[in-house]
2 protein chains.
Amino acid sequence: MNRPENYNTKQRKAIMNYVAALNGEHITAGQIMKHFDEKNFLIGLSTIYRHLDRLVESGKMRKYTLDGVSGACYQYIIDEDIREYFHLKCEECGALLHLKCSMLDEIQQHVYEEHTFHINAMKTVFYGKCAECFNGD
Amino acid sequence: MNRPENYNTKQRKAIMNYVAALNGEHITAGQIMKHFDEKNFLIGLSTIYRHLDRLVESGKMRKYTLDGVSGACYQYIIDEDIREYFHLKCEECGALLHLKCSMLDEIQQHVYEEHTFHINAMKTVFYGKCAECFNGD
DNA sequence: CTAGTTGCAAAGAGTTTGCATGGCG
DNA sequence: CGCCATGCAAACTCTTTGCAACTAG
């Protein structure tokens, strides 16, 4: 095992608790920084970025860019079971839905056969509009 | 009318011709800059941004951000029947490939029918590994 | 001529990196 | 005590803005 040990520092605990408590709402690094600033909890911006990156890499969070939002958005994945599925992100209301259906295997298969590309479902996000936002236009 | 006159400068013509000739593929401001640099055509980055902004405002181009692509992407709208592509982004080498195939309509159709979600193909990026990087592992 | 346009430099916003110090285990 | 993590500052990337010089019409 060359997996590095995870040190359970104050900062790490604080960030983990905070993002897990967001109930799936997305957040930016700057917003997290601001939150801790206001509580007079000392933490460096780079520490926040470092933890967010780790969480994304381990599949516990997703990272997005949303048009009209400055900076990357991060979102904690509450249900561990849905990590391996594709996700649908509503560009309008920000809802994150997971997509689990028979066609996904087909898509992966197809893209592999026709384009020799191996899709990583965990990282892939479909953008678009959910039913409510689409009708509301 | 308070619409200002459009001066037909060298730079403006060069940019217009270039983006119109891209056949609907997206491009970043930096790529445009690089293109003209290589042709030893003097043009300022800010000039490029200014023209792109105008084109977006007048509805001739679309601006969006793609996960995994640094900087904003611009796409010239050829006609009302805009070409849409999905993108494949290699997590390893960073290559960005365009994906255009028969299955895309099916995917969109399926996701709409089964999940009432309207996919925005242009913005969606599949992550994974391209053939070279997959084999090289 | 003269008002819009240009290139440059500087300023901003978001993110990453190098490094000495600090603290978990 | 050994390492990883941390905060800070600096570096970097992308984009915007101010400005004096320039140029199309």
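In this structure, B/Thr116 and A/Phe134 have side chains that are not in contact, with every pair of non-hydrogen atoms separated by 4.5 Å or more. Within the 4.5 Å cutoff, the side chain of A/Tyr74 has no heavy atoms near those of the A/Leu55 side chain. Within the 4.5 Å cutoff, the side chain of B/Asn6 has heavy atoms near those of the B/Arg54 side chain.
In this structure, A/Leu52 and A/Met61 approach most closely via the heavy-atom pair CD2-SD, 3.6 Å.
When the P atom of D/dA5 is taken as reference, atom CG of A/Asp53 falls 13 Å away, rounded to whole Å. For the pair A/Tyr74 OH and C/dT15 C1', the interatomic distance rounds to 8 Å; values are reported in whole Å. Summarising the geometry, the separation between CZ on A/Arg12 and C1' on D/dC3 is reported as 16 Å, rounded to the nearest angstrom. Rounded to an integer number of Å, the gap from B/Tyr64 OH to D/dC14 P is 17 Å.
Applying the 4.0 Å criterion to OP1 and OP2 of D/dT23, one finds that B/Gln11 has every side-chain N and O outside that range. Using a 4.0 Å cut-off, no side-chain N or O of A/Ser70 falls inside it from OP1 or OP2 of C/dA13. For A/His51 and D/dA5, the shortest distance from a side-chain N or O to OP1 or OP2 is not below 4.0 Å. B/Asn6 has a side-chain polar atom (N or O) that falls below the 4.0 Å cut-off from OP1 or OP2 of C/dT5. For C/dT5, the OP1/OP2 oxygens have a side-chain nitrogen or oxygen of B/Arg54 closer than 4.0 Å. The phosphate of C/dT6 has OP1 or OP2 within less than 4.0 Å of a side-chain N or O from B/Thr9.
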Just list the side-chain donor-acceptor pairs under 3.5 Å for residues 32-50 of chain A, sequence neighbours left out, or say none.
from, atom 1, to, atom 2, distance (Å)
A/Ser46, OG, A/Arg50, NH2, 3.4

Please tabulate, one pair per line, all N/O donor-acceptor pairs under 3.5 Å involving side-chain atoms of residues 64-73 of chain A, not counting sequence neighbours.
from, atom 1, to, atom 2, distance (Å)
A/Tyr64, OH, A/Gln75, OE1, 2.8
A/Thr65, OG1, B/Asp67, OD1, 2.5
A/Asp67, OD1, B/Thr65, N, 2.7
A/Asp67, OD1, B/Thr65, OG1, 2.6

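Between B/His26 and B/His87, the ring planes are tilted. Angles from 30° to 60° get that label.
Remark: B/His115 engages no residue in a side-chain hydrogen bond (donor to acceptor under 3.5 Å, both in side chains) (not counting sequence neighbours).
Applying a 4.0 Å cut-off to non-hydrogen atoms, none of the residues of residues 27-38 of chain A approaches DNA chain C. At a non-hydrogen distance threshold of 4.0 Å, B/Leu42, B/Ile43, B/Gly44, B/Ser46, B/Thr47 from residues 41-49 of chain B come into contact with DNA chain C.
Base contact: A/Arg50 has a heavy atom under 4.0 Å from a base atom.
Considering only the side chain of A/Tyr7, D/dC4 comes nearest among C/dT5, D/dC4, C/dT16.
A rotation axis mapping the C1' atoms of four pairs onto the next four is fitted at both ends of the helix from C/dC1-D/dG25 to C/dG25-D/dC1 over five pairs, and the angle between these axes is 30° to 10 degrees.
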